[in-house]
Student: 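Structure below; questions to follow.
So you know, we letter chains A, B, ... as the sequences are listed, proteins then strands, and number each from 1. Given the structure is predicted, the values throughout are model-derived calculations rather than measurements.
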2 protein chains.
Amino acid sequence: MTYLPHLNSIFSVDCVIFAFDEGELKILLIERNQDPYGDWFALPGNMVNNDESIDTAAERVLYELTGLKGIYMEQFYTFGDLGRHPKGRIITVAYFAMIRLTNPKELRPVTAYAKNASWVSIKELPELAFDHKSIFEKGFERVKSKISYQPLAFELLPEKFTLTQLQNLYEIILNKKLDKRNFRKKILGYDILKELDEKQKGVSYRAAKLYKFDRRKYSKYFQNELSFSKD
Amino acid sequence: MTYLPHLNSIFSVDCVIFAFDEGELKILLIERNQDPYGDWFALPGNMVNNDESIDTAAERVLYELTGLKGIYMEQFYTFGDLGRHPKGRIITVAYFAMIRLTNPKELRPVTAYAKNASWVSIKELPELAFDHKSIFEKGFERVKSKISYQPLAFELLPEKFTLTQLQNLYEIILNKKLDKRNFRKKILGYDILKELDEKQKGVSYRAAKLYKFDRRKYSKYFQNELSFSKD
DNA sequence: CCAAAAGTGTTTTGTTTACACCCATGG
DNA sequence: CCATGGGTGTAAACAAAACACTTTTGG
């Protein structure tokens, strides 16, 4: 690399990790344990190592916090304003991820730079370190606009779900009420759901049918779009 | 920055600069004058300096080659695979720009790293250095999908243009034929064009009315979307 | 007067929206 | 038997697509 100037630049990845929990859309926040912004809430992120791609770095950050691999992640923007980090020029590549919360909701905040990690409703976000508020907002915008033409939503739901659960999730993300009949007509019309021979259990009203997302059907009809989930 | 590892990382910006010329969509390519990929065609790009934001770096690259400022540019993706640069890990942030070619079509390839710069039709692109082919493709995809709901096309046309010119440009970008009456109905229906008291000159057939894009009307109705041109 | 492109409406088709009642289940 | 959400169709409004001829101009 001798012909290139050594700029001592630093770059990192930051992740907006979405989950759907208790009827709310939440993101994973860490509490920082070092300055600057010591004790502040922040998006999970880390430096990119010399021997890993940025995608790998993002997957690593997610894995270190959640123990999950093979999660849908997508790079959405790179933030490189001069003032974004008080200690110098650090460019950060931002990703969003969609994860399916299993019941124990276990997190393992084993990273050196975080003393705690928790799921926080996007409606009650605290102030965030650096420019992480803008990063979150841009990521959420991206999710909102993609959700209408790509099956991102399924990544947040359990494998088997009811149409009402799916509709609720869309309503929360899009922040508007949807008509039940029209919603069902449309989503079933895409023919990307598989109806299961199984019903909801443990509810004190008529049990709803369970469905699962059928990746095979999806890729048959929409093979144009990039794969939206790594198998 | 002492608390952060010094990774000696390097990052750059690369630009896919579009223009509409002789009825074709073209991008600006340079011929490299140093290894690796000496003599190859490549997208214009450069290292990001320590004291500039990535947006500024992209504007600088464009300015150095074309002498133009205040051009619409948009960051679209960051490429950071390990193998993308043979001499080491270089992350590059990619931008596209849309420029209005004035008649002399002058370029000033005054940069140190390029011995020539020229407009090349996207239908006849040569092999490109590094992963620049993928960068171009991703950028073009973005333009194609944005053109339908944001007024990017106007950035490529002269200030005064005919509806047929506008339609041709859409057809070339979308790579499909459009119906003349439907196109006019739709584009006029958005009410973002101003009809001028002026007609085409020097044509040997009925002269068409000239229009210009009316930024004021546009921002009135679509103030949601980010500004698509810096004034 | 001819070649070339400008300009102009209506019909058909498909898509989106609005809207209300009966059904099944658990307690 | 009742409270709760599950499940279902049709009509109206709107948007998109298909389609062909007359007008203007320069040469």
Student: How close or far is atom P of C:dG9 from atom CZ of B:Phe183, stated in whole angstroms?
Tutor: 18 Å
Student: Tell me every residue that passes side-chain contact (heavy atoms from CB on, under 4.5 Å) with A:Tyr205, counting only those two or more places apart in sequence or in another chain.
Tutor: A:Gln200, A:Val203
Student: Sequence neighbours left out, what passes side chain to side chain donor-acceptor pair (under 3.5 Å) with A:Ser53? Give chain and number order.
Tutor: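 If we apply the side chain to side chain donor-acceptor pair (under 3.5 Å) test to A:Ser53, skipping adjacent residues, the hits are A:Thr56.
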Student: Protein within reach of the bases, or only the backbone? For nucleotides 10-18 of chain D, mark each nucleotide 5' to 3' as B, S or -, using heavy atoms under 4.0 Å.
Tutor: B-----SBB
Student: Go through the steps to decide whether B:Asp55 and B:Tyr95 satisfy the test side-chain hydrogen bond (donor to acceptor under 3.5 Å, both in side chains), and finish with yes or no.
Tutor: CA-CA 9 Å; B:Asp55 287 358; B:Tyr95 287 76; 2.5 Å; yes
Student: Before giving the answer on side-chain contact (heavy atoms from CB on, under 4.5 Å), spell out for B:Val93 and B:Tyr77 the whole-Å C-alpha distance, their side-chain angles and the decisive distance to 0.1 Å.
Tutor: CA-CA 6 Å; B:Val93 184; B:Tyr77 203 71; over 6 Å; no
Student: Could you go through nucleotides 4-7 of chain C and list every protein N or O atom that sits under 3.5 Å from one of its N or O atoms, giving the distance for each pair?
Tutor:
from	atom 1	to	atom 2	distance (Å)
C:dA6	OP1	B:Thr164	OG1	2.9
C:dA6	OP2	B:Thr164	OG1	2.9
C:dA6	N7	B:Lys180	NZ	3.3
C:dA6	N3	B:Arg206	NH1	3.3
C:dG7	OP1	B:Lys209	N	2.9
C:dG7	OP2	B:Arg184	NH1	3.4
C:dG7	N7	B:Lys180	NZ	2.7
C:dG7	O6	B:Lys180	NZ	3.4

Student: If only atom types and distance count, is the side chain of B:Arg32 paired as donor or acceptor with the main-chain N or O of B:Asp39 below 3.5 Å?
Tutor: no
Student: Which residue in the set A:Phe20, A:Tyr211, A:Phe154 passes ring-ring contact (aromatic ring centres under 6.0 Å, His included) when paired with A:Phe161?
Tutor: A:Phe154
Student: Just to verify, what does A:Gln165 make a side chain to side chain donor-acceptor pair (under 3.5 Å) with, not counting sequence neighbours?
Tutor: none
Student: Going by the rule side chain to side chain donor-acceptor pair (under 3.5 Å), which residues pair with A:Glu141 if we only count those two or more places apart in sequence or in a different chain?
Tutor: none
